Each structure stands twice: as C-alpha cells, then as structure tokens.
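From a predicted model like this one, the values you see are computed outputs, not experimental measurements. In this chain, residues are counted from 1 in sequence order. Counting starts at 1 for both ligands and their atoms, following the listed order.
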Amino acid sequence: MYLVLLGAPGAGKGTQASAIVAKWGWVHVASGDLLRNEVAKGTELGIKAKTYMEKGALVPDALVIEMILKRLVNPDTLKGVMLDGFPRTLTQAEALDKALTEQNKKIDWALYINVPAEILVTRISGRWICSQCQTPYHAVSAPPKTAGICDKCGGKLYQRSDDTEATVRERLKVYFAQTSPLLDYYRKKRNLIEVNGDQDIGKVTEDVIEELGKVQ
Ligand code: ADP
Ligand code: ADP
Ligand code: ZN
C-alpha cells in the first residue's frame, strides 16, 4: 500500500499520520521531518535546503525527489508507506509515479484532508512539536498534559522557526500555487479520497479510518 497524504500546511497531516500508520502498520515518511533532520545534522542537503525552508519556499524538486526515492528503498517500506508532505509539485508526483511503475508499484490512494484556508494560520501559529518523536501539539486545540512535554515520549516540545505568521502566509501561497493542482492530478486517476479536516481531531481520525477501511 502506497498512500499520499494531501492538505495545506496545518491541515492536520502529521496529527492524523500516527493513528493511520498505527492502525495498518505502515511507515510514515514525512519529507519535512526528513529535511529538518538533514538541516540539524548539517549535511550537504541540509545546508542547501535550509535557505528555502526558512523563507517558506519549496526546496528544489531534484533534491527532494532524490531524498524520498532513497528513503523508499529501505526494506521497512515493504509494510506499506504513508507519504506526508511529498509530492508537493506535479514534477514530484510524476517522478514518484515513474519510480514506482519501474518497480511494478503504484500510489494506491491519495487522502486529502480538507480545511478552510482561514483557519490554517491559527493552527500553525499555535503548533508545538516534539523534538524526539515529531508529534504535533497545539497550544489551544491539542495541548500536552504537561506544558512543554510530549505525552507520548516525554520529549521536549519546540516551535518550528518557520511557523511564524509571515512565513506561514508565504507557505500557504506556495501551497495554493504549486501543491493544490495535485488534487486534480489524483482525482483524474480516480484515487482521491477526501475527508473534512475542520472537525475535532478525534472525529477526523474516525472519518479517515472509515474511508481508508472501505478501500483496504
Ligand atoms: P500538517 O502536518 O498538515 O502541517 P499538523 O498535523 O502539524 O499539520 O497540525 C497543525 C496544527 O494544528 C498542530 O498544532 C495540531 O495540533 C493542530 N491540529 C491538527 N488537527 C487539528 C484539528 N482537527 N482541530 C484543531 N487543531 C488541529
Ligand atoms: P507543513 O506541512 O507545515 O507545510 P513540512 O514539514 O511538510 O511543513 O515542510 C516544511 C518545509 O520543508 C516546507 O516549507 C518546504 O520548504 C520543505 N519541504 C517539505 N517537503 C517538501 C517537498 N516535497 N518539496 C519541496 N520542499 C519541501
Ligand atoms: Zn514525543
């Protein structure tokens, strides 16, 4: 099973990812997490990616495609893969399809978490992330039990340096210009599933599991 999670920044992709992969035993491959890891380690890719990420721009396709295709040859992906944050451009979607076709595989479903644009800034500006397991929290809608500490692993929570209002607005512009066309790309292939992401976190999870359950 190859599943792509689609939705604007702040739609709740990372939040829903853990419940989905826990239910079906897939691996969660999040391009943003992989890139932040490269930046933290100071690798050649990390140094190149950082300048784009800080501005809220997309990292060039060639760099991200190479990083993801390398990740997808890891044997843990045999269990099934949930891609989060990739593809983000038509070029990336086509490169992914091409690489999978060569291995007799394909994207089975694209799951779109639909959230009205006006609430995305509030979601992202209140976001806190676990420095160890990357679980997202929210100051108001999803606070941790103990302030500043991850419920799941005890890791310290931090705010991403690109989750400022100016950068978020830029990322949303980029999303509507470059990523939202992917909805039609997958719709035309008849493998787009849509859920309403503007509900309580638990209700969104229920809807996601119900919709994916229908196609298992
Ligand atoms: P994405 O991975 O799509 O960028 P996240 O999963 O990180 O989004 O969620 C963005 C922020 O919104 C986080 O702070 C998260 O706790 C919060 N959030 C996620 N889903 C919901 C929801 N259904 N209702 C309210 N807040 C949510
Ligand atoms: P969010 O879901 O909150 O937008 P991500 O963690 O997915 O954030 O991505 C953070 C940043 O990493 C993006 O703003 C972009 O600079 C870079 N990035 C992540 N995935 C991709 C991708 N597939 N293509 C290009 N850049 C990416
Ligand atoms: Zn954690």
Going through the distances and angles, do Asp207 and Lys203 end up as a salt bridge (Lys or Arg N to Asp or Glu O under 4.0 Å)? CA-CA 6 Å; Asp207 287 2; Lys203 181 69 177 81; 2.6 Å; yes
Going by heavy-atom distance to atom 11 (C) of ligand 2, choose the closest among Lys55, Met53, Glu54.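 That would be Met53.
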Heavy-atom nearest option to atom 14 (O) of ligand 1, drawn from Tyr137, Tyr175, Trp128: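 Selected option, by shortest heavy-atom distance: Tyr137.
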With only distance considered, is [X] within less than 3.5 Å of ligand 1 through an N or O on each side?
X	result
Gly14	yes
Gly12	yes
Asp200	no
Gly126	no

Using a 4.5 Å cut-off on heavy atoms from C-beta on, say whether the side chain of Asp163 contacts that of Ser125. no
Leu157 versus Tyr137: any side-chain heavy-atom pair under 4.5 Å? yes
Closest protein heavy atom to [atom], given as residue, atom name and distance to 0.1 Å:
atom	result
atom 3 (O) of ligand 2	Arg171 NH2, 2.7 Å
atom 16 (O) of ligand 2	Ala57 O, 2.6 Å
atom 2 (O) of ligand 2	Lys13 NZ, 3.6 Å
atom 20 (N) of ligand 2	Ser31 OG, 2.8 Å
atom 25 (C) of ligand 1	Ser141 OG, 3.3 Å
atom 19 (C) of ligand 1	Thr15 OG1, 3.4 Å
atom 5 (P) of ligand 2	Arg88 NH2, 3.6 Å
atom 27 (C) of ligand 2	Leu35 CD1, 3.8 Å

From CE (Met82) to CH2 (Trp24), nearest 0.5 Å: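 Reported to 0.5 Å precision, the distance equals 11.0 Å.
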Looking at ligand 1, does [X] have a heavy atom less than 4.0 Å from it?
X	result
Ala8	yes
Ile124	no
Pro9	yes
Gln16	no

Select one of side chain, backbone, both or neither to describe which atoms of [X] lie under 4.0 Å from any atom of ligand 2, heavy atoms only.
X	result
Val64	side chain
Pro60	neither
Arg127	side chain

For ligand 2, which is the ligand I care about here, please tell me if Arg160 has any N or O atom under 3.5 Å from one of the ligand's N or O atoms.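 Yes.
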In plain terms, say whether Arg71 and Asp76 are close enough for a salt bridge, that is, a side-chain N and a carboxylate O under 4.0 Å apart. yes
Please list, in number order, the atoms of ligand 2 under 4.0 Å from a heavy atom of Arg36.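 The atoms of ligand 2 under 4.0 Å from a heavy atom of Arg36 are 6 (O), 10 (C).
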What angle sits at the Zn ion (ligand 3) between SG of Cys130 and SG of Cys153, to 10°? 100°
